[in-house]
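The structure appears below as structure tokens.
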Amino acid sequence: MTWTTERYFAKAQEYWDRATSRGRDNEEFLMNVCFTVEFVARGALCHVNPVLNAAPDLESLFFACGQTPRSPARTADLTEVLKRLQRLLPDLTEAEMTKISTLTDSRNAELHGDRAELSQHTPTSLMPSIYSFIVKATEFSGQSLDTLLGAEDAKLAKQTASAIAKDRSKRVKGLITACKERFFSLSDEEQKAKRDASVTQAISAVLKTGHHLMYLKCPACAQRGQLVAAPVGRSSALLRGNELLQEVRVIPMHFGCKCCGLEIRGLDELMAAGFDHEYCSLDEIDPLDHFNIDPLDHVDPEAIAREYYSDMYEYQDE
């Protein structure tokens, strides 16, 4: 069977499903993401020509051309695959490819060594570039991002990729600097009054709309400001100890600081200000609702009634 774009993207989807069905803090998350990246990259090469996915030996090249090889065909190693893809897709930036290489090198070191290399990295440090890579490679291959990642994660990937492409760092840096200078130009008494007036004991909250409120350090004055984030996805049910939980993933939309007046809107500007592309929290799940269990299906009402009346009569006899 020859190498095809569709087969590789089907494998990529399988590993993405494994990755995203659990929490982002799962130890296998980045490993599964790395396999997703590899199969997306190989699928993108096959979209141009399967020969680009082949190792340089003659039999592998023959196989890629649809001929029967005399020995098992081999694919090119992943490092070479990424070089070939970057040559075909110049929109892939050096910054993105550096993050991809960090991920793949760590995976290879972990698979062939005795150290937990992937645990040295956090999803928040790698995923923005990975999302951007996947968006570009999937579009290049003529494949559906919604099919590959699912509608919710596809939406997050597109927004993250768009935020990176806009690169609002200069504008946001200037905005933060202006707020910082304005606040610290106030007298000590005025600064203290503003800090006292904006103090909050809240850490986080969830609104009826599903939006999350988080209170995080302001990049201008270091007081805690309010970050508003919208839900974009959920994991499968997770069993943690005796609790059934679900990881809720939210994407930041707006940050406001009542102390210094800093306002940052949109994922592009929030990421440029140093906020994460995604935040996660855990929600408790009612097992009865999750498994669609009706307690009455597992009890005998007549037996309960008999036991109730038996206890009542025994009490009256006393």
Side-chain angles (χ1 to χ4, degrees), residues 8-9 11-20 22-45 52-53 75-141 145 148-149 153-154 156-169 249 251-252 267-268 270-280:
Y8 275 122
F9 268 81
K11 290 292 290 183
Q13 180 186 347
E14 177 183 335
Y15 278 97
W16 180 258
D17 288 344
R18 292 184 190 181
T20 199
R22 304 182 185 181
R24 295 292 200 249
D25 60 348
N26 184 272
E27 60 185 8
E28 296 180 1
F29 175 73
L30 287 178
M31 180 72 76
N32 286 316
V33 168
C34 189
F35 283 120
T36 300
V37 167
E38 176 171 352
F39 289 127
V40 165
R42 293 186 185 279
L45 291 185
L52 291 170
N53 186 49
T75 57
D77 64 57
L78 183 54
T79 301
E80 182 62 27
V81 165
L82 293 173
K83 287 181 181 178
R84 295 175 184 181
L85 182 58
Q86 192 174 17
R87 172 68 173 79
L88 290 169
L89 190 50
D91 283 349
L92 294 172
T93 66
E94 287 298 330
E96 290 165 357
M97 297 309 294
T98 296
K99 293 288 188 180
I100 296 295
S101 295
T102 296
L103 175 66
T104 56
D105 290 348
S106 296
R107 182 202 64 176
N108 292 339
E110 182 156 326
L111 289 175
H112 302 295
D114 58 357
R115 294 181 56 190
E117 296 287 340
L118 285 171
S119 63
Q120 307 301 314
H121 308 288
T122 62
T124 52
S125 68
L126 296 176
M127 287 308 298
S129 292
I130 291 171
Y131 277 135
S132 186
F133 173 90
I134 290 176
V135 168
K136 293 175 181 178
T138 301
E139 182 179 351
F140 174 78
S141 305
L145 193 67
L148 174 62
L149 302 182
D153 284 323
L156 174 59
K158 291 174 184 176
Q159 289 180 312
T160 304
S162 176
I164 293 175
K166 290 178 181 178
D167 188 14
R168 304 291 195 193
S169 53
R249 295 145 190 170
I251 187 169
L267 182 61
D268 52 347
L270 287 164
M271 287 178 61
F275 293 96
D276 292 338
H277 71 289
E278 174 189 69
Y279 291 88
C280 301

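Everything quoted here is computed from the prediction, not taken from an experiment. Note: hydrogens, waters and symmetry copies are ignored here, and every other heavy atom, side chains too, is used. Here, residue 1 is the first one in the sequence, and each next residue gets the next number.
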For the student: nearest non-hydrogen atoms of [X] and [Y], plus distance:
X: Ser129; Y: Ile164; value: N-CD1, 4.1 Å
X: Pro123; Y: Leu30; value: CA-CD2, 4.3 Å
X: Val40; Y: Ala12; value: CG2-CB, 3.8 Å
X: Asp268; Y: Ala163; value: CA-CB, 3.4 Å
X: Thr160; Y: Pro128; value: CG2-CA, 3.6 Å

Ser141: what forms a side-chain contact (heavy atoms from CB on, under 4.5 Å) with it, not counting sequence neighbours?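 Result, side-chain contact (heavy atoms from CB on, under 4.5 Å) vs Ser141: Thr5, Phe9, Ala44, His47, Gln143.
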Verify, without hydrogens or angle tests, whether [X] (side chain) and [Y] (backbone) share a donor-acceptor contact under 3.5 angstrom.
X: Thr20; Y: Asp17; result: no
X: Thr98; Y: Glu94; result: yes
X: Thr36; Y: Trp16; result: yes
X: Arg84; Y: Leu52; result: yes
X: Lys136; Y: Asp91; result: yes

Do [X] and [Y] have side chains that approach each other closer than 4.5 Å (heavy atoms only, starting at C-beta)?
X: Phe133; Y: Met97; value: yes
X: Leu145; Y: Lys158; value: yes
X: Leu126; Y: Val33; value: no
X: Pro252; Y: Leu267; value: yes
X: Leu92; Y: Phe140; value: no
X: Phe35; Y: Arg107; value: yes

Say you draw a straight line from [atom1] of [X] to [atom2] of [Y]; how long is it, rounded to the nearest 0.5 Å?
X: Leu85; Y: Glu80; atom1: CG; atom2: CD; value: 11.5 Å
X: Glu38; Y: Thr75; atom1: CD; atom2: OG1; value: 7.0 Å
X: Glu28; Y: Cys34; atom1: CD; atom2: SG; value: 13.5 Å
X: Leu118; Y: Phe29; atom1: CG; atom2: CZ; value: 11.5 Å
X: Leu88; Y: Lys83; atom1: CG; atom2: NZ; value: 14.5 Å
X: Leu78; Y: Leu82; atom1: CG; atom2: CG; value: 4.5 Å

Salt bridge (Lys or Arg N to Asp or Glu O under 4.0 Å) partners for Glu117, two or more places apart: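 Partners of Glu117 by the salt bridge (Lys or Arg N to Asp or Glu O under 4.0 Å) criterion, ordered by chain and then number, come out as Arg115.
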Lys/Arg N to Asp/Glu carboxylate O, Glu96 vs Lys99, below 4.0 Å: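 Here Glu96 does not pair with Lys99 in a salt bridge, since their nearest N and O are not under 4.0 Å apart.
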In this structure, are over 12 heavy atoms from other groups packed under 6.0 Å from Glu139 atom CD?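 No, because the 6.0 Å sphere around CD of Glu139 holds 12 heavy atoms or fewer from other groups.
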Identify all side-chain donor-acceptor contacts of residues 271-279 below 3.5 Å with residues at least two apart in sequence or on another chain.
residue	atom	partner	partner atom	Å
Glu278	OE1	Arg24	NE	3.1
Glu278	OE2	Arg24	NH2	3.1
Tyr279	OH	Asp276	N	3.0

Could you please spell out the steps behind the side chain to side chain donor-acceptor pair (under 3.5 Å) verdict for His121 and Thr102? CA-CA 9 Å; His121 308 288; Thr102 296; over 6 Å; no
Phe39 ring centre to Arg42 NZ or CZ under 6.0 Å, with the angle to the axis within 45°?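 So Arg42 doesn't make the cation-pi contact.
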